[in-house]
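One structure below.
None of these values were measured; they are calculated from a predicted model. Chain letters run A, B, ... following the sequence lines, proteins first, then strands; residues in each count from 1. The basis for the numbers below is simple: all heavy atoms, side chains too, and nothing from hydrogens, waters or symmetry mates.
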Number of protein chains: 2
Amino acid sequence: MLSKKTKYGIKALTYLAKQETGVPVSIATISEMENISLKFLETILLTLRKSGLLGSKKGKSGGYYLLKDAKEIKMSTVIRVLEGPIAMVPCVSLNYYEKCSDCPDEAACAVHHLMIRVRDSNLKVYGETSLADLMHY
Amino acid sequence: MLSKKTKYGIKALTYLAKQETGVPVSIATISEMENISLKFLETILLTLRKSGLLGSKKGKSGGYYLLKDAKEIKMSTVIRVLEGPIAMVPCVSLNYYEKCSDCPDEAACAVHHLMIRVRDSNLKVYGETSLADLMHY
DNA sequence: TATTACCCTACTAAATCTATAGGAGTAAAA
DNA sequence: TTTTACTCCTATAGATTTAGTAGGGTAATA
């Protein structure tokens, strides 16, 4: 299952992508427009800013805005920031590899090989899809 | 993340696929060979039997065995039984569709469209991969 | 009839998810 | 200069899910 955090994060990003570039949008506005709990959204946008996807302006008429062109924001990046590794098991993760404790031999593990296929397939989708591809729906 | 339940279930299935067809293998044997907690495995195999993938024989020299040829067991079935719907959001699930409460218009939802791509890509992998494809690793 | 092994329900500890609370800090407008 | 409208940040709490465990029941077979 996709977490609400990721879901809301993607919705917020697409909302920002549709605005004039560089103009900050307040959390409250996004919260209302996308039906997202304000305080929850606050923490999500904070995460996105810390990851370098969003910029923010403090004080009156402040808010969040995209730091890059929507075309440059790949969903693989967004998913990694909000949802974590794209791989479904650590032993096939490219960025966060970890050996499975229960598995003596990866090369002989059926789950390992299946999950490599799944990872590659998902990586292709997330890598080929940018915010620009989603913002006009 | 893939749940341990699914991971262990796939391991158990591939172990059974490697045995002589129709000969029951005890839970204890699979548990030892694949490093899986016996009691946990018990509930997993029960689920697989109830779903129609496994048969069982009670009493001495009893155990579990595959009901179908490994080629006929697609991973899409296995995943659905153990992990649940393949779709990451209910609003793109073919078998368990549900409307998202927070989303007024699916056609206008970026997450919806992204998750359709992900679902199709995963469905392809799981549909094209059978137990027979994994058992010889 | 003793033993072996599956059958089944219920329970629990730990982790994760989904928020919420409450204030500190900042910038612009009145 | 005071007020207002924002973001920033940490902590916490309730709900849900996960990963197992406990313990007895039931059927088959040697």
**First encountered from the 5' end of DNA chain C, between B:Lys57 and A:Ser37** = B:Lys57
**Asked** 5'-most contact on DNA chain C: B:Ser61 or A:Leu38, nearest heavy atom basis?
**Response** B:Ser61
**Item:** Gap between atom NZ of A:Lys57 and atom OG of A:Ser26 - 0.5 Å precision
**Value:** 12.5 Å
**Asked** Minimum heavy-atom separation for B:Asp133 to A:Arg117, with atom names?
**Response** O-NH2, 4.3 Å
**Request:** Looking only at non-hydrogen atoms, find the nearest pair between B:Tyr15 and B:Glu34 and report the distance.
**Result:** CD1-OE2, 3.4 Å
To the nearest Å, give me how far apart [atom1] ([X]) and [atom2] ([N]) are.
X       : N      : atom1 : atom2 : answer
A:Glu42 : D:dC9  : CD    : C1'   : 9 Å
B:Tyr65 : D:dA28 : OH    : P     : 11 Å
A:Phe40 : D:dA15 : CZ    : P     : 16 Å
A:Ile44 : D:dT7  : CD1   : P     : 14 Å
B:Leu41 : C:dC7  : CG    : P     : 12 Å
B:Lys50 : C:dC7  : NZ    : P     : 9 Å
A:Tyr8  : C:dC17 : OH    : P     : 14 Å
B:Tyr64 : C:dA5  : OH    : C1'   : 10 Å

**Asked** Between C:dA29, D:dT29, C:dT18, which nucleotide gets closest to the side-chain atoms of A:Ser3?
**Response** C:dT18
**Message:** In terms of relative ring orientation, are B:Tyr137 and A:His113 parallel, tilted or perpendicular, with 30° and 60° separating the classes?
**Reply:** parallel
**Request:** Please state whether the phosphate of D:dC9, meaning OP1 or OP2, lies under 4.0 angstrom from any side-chain nitrogen or oxygen of A:Thr43.
**Result:** no
**Prompt:** Does the side chain of B:Arg49 get closer than 4.0 angstrom to OP1 or OP2 of C:dA5 through an N or O atom?
**Reply:** no
**Request:** Report which part of the nucleic acid B:Ile27 touches: base, sugar-phosphate, or nothing (heavy-atom distance under 4.0 Å, all strands).
**Result:** sugar-phosphate
**Request:** Can you check whether any acceptor in the base of D:dG23 is under 3.5 Å from a donor in the side chain of B:Lys39, or vice versa?
**Result:** yes
**Message:** Taking the basic N atoms (NZ, or NE/NH1/NH2) and the acidic carboxylate oxygens, is any pair closer than 4.0 Å for A:Asp102 and B:Lys11?
**Reply:** yes
